[in-house]
S.K.: 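Starting off with a structure, shown below.
Small disclaimer: the values here were computed from a predicted structure and weren't measured. To find a chain, count down the sequence lines: A is the first, B the second, and so on, and within it residues start at 1.
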Number of protein chains: 2
Amino acid sequence: MSQVRLPPIQTTARDDAVLAALAGFVQQEGLKPGDKLPTERILAERLKVSRNTVREALTRWEGLGLVERLQGSGTFLKAAVSPHMLHMPLTLAGGNDFASLMQTLEVRRALEAEAVALCAVRTGPQELSFIQRKLEVMEEAFHSRAGMSSEEDWEFHQAIYRASGNPLFEQLIAAMHEMFHRFWEHPLGVRDFGHASFPYHRTIYERIAARDAEGARAEALKLIATVEADLRRGEAARNQARHA
Amino acid sequence: MSQVRLPPIQTTARDDAVLAALAGFVQQEGLKPGDKLPTERILAERLKVSRNTVREALTRWEGLGLVERLQGSGTFLKAAVSPHMLHMPLTLAGGNDFASLMQTLEVRRALEAEAVALCAVRTGPQELSFIQRKLEVMEEAFHSRAGMSSEEDWEFHQAIYRASGNPLFEQLIAAMHEMFHRFWEHPLGVRDFGHASFPYHRTIYERIAARDAEGARAEALKLIATVEADLRRGEAARNQARHA
DNA sequence: ACCATGCAATTGGTTGGACCATTGATCCAT
DNA sequence: ATGGATCAATGGTCCAACCAATTGCATGGT
């Protein structure tokens, strides 16, 4: 690495200064996600900068998902924020075709298997009961709504990722989830999608509760396999329809 | 899913509209990274919006690393941009370098194991010989420079991800790699870092060449384990020094 | 008392215009 | 031809006003 890291001195970095100050304020004030932070006008006045500058800074935080702005209401913290944090913007070029869907699923398989295993090792009793509650909600929704439980399903998985002790898993799989749903908006011909995966949610939970990391990983892999099979089944049906 | 996907009509989404229009422009014009895009003033005029609005939109892209703004010079494309892409800013709560490094490493373990296994199944003879060449370059660099071969090391791994047939793996692990190196800038006490992982590069290659997916996965896990051990060793030494 | 309607203050979103700071090219004197 | 000064282009900041959505309060009807 011959290129010594000498960033050119920045005589003008008001945005960063604003964000740094705001991060310090948040920490000092002990603000948590959901709390409201000061008005743009107040920030501008206090920091002795233009409201425009404040807005550009907040726009950056909004883009990073750290903050949510509601017109007429205020700006609210959306995630924990600390003075020293690292942002790694990731842009994925996802297509809306079968191949892209399979690719996101492959990544999900890799991440989910590891997250579930970590969860089995690390989760505490409190998080475990939280996961259990999500599981029960999901199972009830499944039975009462004849298999449509994708929202509760997702919350169950999220609870697991959160209990893995590594926030990166939650963020990455959320990205995969969103890519998946780009395609999912308009139902794509696979009826009863997700039915086959249903029983594995409980088996995964049981393996986690038993602290059986490898068992949990195996069950997660089975779950992903059923989703993959559903996907292939739908694709085959679609190809057949097209050739008819 | 009781919550039907009905996004509230947005009477005000000028920023997004600007970015959508700009993304379309970039694609239509065939602009590539490094190219300069229109002036803020021109964009404001053409899109019939205020320059401030254009600026807020570009600020979002800048925050996502898609664009670079140089005062006095212009705004330049920094990454490929297409109308349909997913932005997922990853945020790592800093403050504790060691914890952050371990978190990126856990994700890398999940992804690398799967990528290596997929590679063993899918790679063709041409990609295989490419990987072999990267391996030999890396081994020579290792021997001639007394263990410093991080650049060639990385290229070897990249070749494998590329041969996995799933571009998402390459993008995601590249993100992990960059995060890892953000902390790595200032060497943090672990001398001979990476020495222990050296032999596993060849064993991974051999398992891939033998089309042994599970064997390759096992070797990759061993490699990650050595890196993790190095990391823990350095952390322990640092803690000891602090308590002295 | 209770509830609904509507007014008014608050707050983020947008606009237009001005000026500053940096960059890069152009032009001029040597 | 070279070196330096000048100037236009461009992003960065500021200001003051207005628009649009939200919220809460006050007023009035039941």
Side-chain angles (χ1 to χ4, degrees), chain A residues 6-23 25-26 29 31 33-79 81, chain B residues 6-23 25-26 29 31 33-79 81:
Chain A
L6 278 180
I9 56 165
Q10 304 218 345
T11 78
T12 151
R14 291 233 199 298
D15 292 19
D16 291 331
V18 167
L19 289 184
L22 196 52
F25 175 81
V26 166
E29 226 47 25
L31 297 184
D35 289 347
K36 181 182 175 189
L37 28 76
T39 300
E40 294 179 352
R41 290 169 171 90
I42 291 183
L43 285 175
E45 182 188 357
R46 293 277 205 283
L47 298 173
K48 294 296 180 196
V49 295
S50 161
R51 191 181 151 215
N52 259 331
T53 305
V54 171
R55 279 189 60 76
E56 292 211 5
L58 284 177
T59 296
R60 281 229 286 280
W61 268 14
E62 188 185 30
L64 291 170
L66 297 179
V67 114
E68 182 171 13
R69 295 154 116 176
L70 296 179
Q71 185 174 170
S73 181
T75 304
F76 299 85
L77 220 52
K78 207 171 148 192
V81 61
Chain B
L6 276 180
I9 55 164
Q10 304 220 346
T11 80
T12 153
R14 293 231 200 290
D15 291 20
D16 292 331
V18 167
L19 288 185
L22 195 52
F25 175 80
V26 166
E29 273 330 83
L31 297 184
D35 290 347
K36 181 182 174 189
L37 34 79
T39 300
E40 294 178 351
R41 290 172 173 88
I42 292 183
L43 285 175
E45 182 189 359
R46 293 277 206 284
L47 298 173
K48 295 295 181 198
V49 295
S50 161
R51 189 181 152 216
N52 262 329
T53 305
V54 171
R55 280 189 60 75
E56 291 214 5
L58 285 177
T59 297
R60 281 229 286 277
W61 268 15
E62 188 187 30
L64 291 168
L66 297 178
V67 115
E68 182 170 14
R69 306 213 277 205
L70 296 179
Q71 186 174 167
S73 181
T75 303
F76 300 86
L77 219 53
K78 208 170 145 193
V81 60

S.K.: Does the side chain of B:Glu29 reach to within under 4.5 Å of the side chain of B:Leu37, using non-hydrogen atoms?
M.R.: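 Counting from C-beta outward, B:Glu29 and B:Leu37 never come under 4.5 Å.
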S.K.: Check whether B:Ser50 reaches the backbone of B:Asn52 with its side chain - one donor and one acceptor, N or O, closer than 3.5 Å.
M.R.: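 A pair under 3.5 Å: yes.
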S.K.: For B:Gly74 versus B:Lys36, what's the shortest heavy-atom pair and its separation?
M.R.: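 Taking every non-hydrogen atom into account, CA-CE, 4.0 Å.
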S.K.: How many whole angstroms separate atom CG of A:Asp15 from atom P of D:dC14?
M.R.: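 Answer to the nearest Å: 9 Å.
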S.K.: For the pair made of CG in A:Leu43 and P in D:dT13, what is the distance, rounded to whole Å?
M.R.: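 Going from CG in A:Leu43 over to P in D:dT13 covers 16 Å.
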S.K.: Can you tell me the distance, in whole Å, between the CZ atom of B:Arg14 and the C1' atom of D:dC18?
M.R.: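 For the pair B:Arg14 CZ and D:dC18 C1', the rounded distance is 13 Å.
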S.K.: Distance check needed: D:dT23 P versus A:Arg69 CZ, whole Å only.
M.R.: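 In whole Å, D:dT23 P lies 17 Å from A:Arg69 CZ.
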S.K.: What parts of residues 44-59 of chain A reach DNA chain D, counting only heavy atoms under 4.0 Å away?
M.R.: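 Within residues 44-59 of chain A, the residues near DNA chain D are A:Val49, A:Ser50, A:Arg51, A:Asn52, A:Thr53.
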S.K.: Between B:Val18 and B:Glu56, is the side-chain contact (heavy atoms from CB on, under 4.5 Å) condition met? List the steps.
M.R.: CA-CA 10 Å; B:Val18 167; B:Glu56 291 214 5; over 6 Å; no
S.K.: Do B:Leu47 and B:Leu22 touch side chain to side chain, with heavy atoms closer than 4.5 Å?
M.R.: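 When only atoms from C-beta onward are counted, B:Leu22 and B:Leu47 do not touch, as no gap falls below 4.5 Å.
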S.K.: Would you tabulate the side-chain donor-acceptor contacts of residues 61-68 of chain A under 3.5 Å, counting partners in other chains and residues two or more places apart, or write 'none'?
M.R.:
residue: A:Glu62; atom: OE1; partner: A:Arg69; partner atom: NH1; Å: 3.3

S.K.: How far apart are the closest heavy atoms of A:Val81 and A:Val26, and which atoms are they?
M.R.: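 Scanning both residues completely, I find the closest heavy atoms to be CG1-CG1, 3.2 Å.
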S.K.: How far does CZ of A:Arg55 sit from CZ of A:Arg51, to the nearest 0.5 angstrom?
M.R.: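 Rounded to the nearest 0.5 Å, the CZ-CZ separation comes out at 5.5 Å.
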S.K.: Polar atoms only, N or O, under 3.5 Å: list the protein pairs with nucleotides 5-10 of chain D and their distances.
M.R.:
residue: D:dT10; atom: O2; partner: B:Gly72; partner atom: N; Å: 3.2

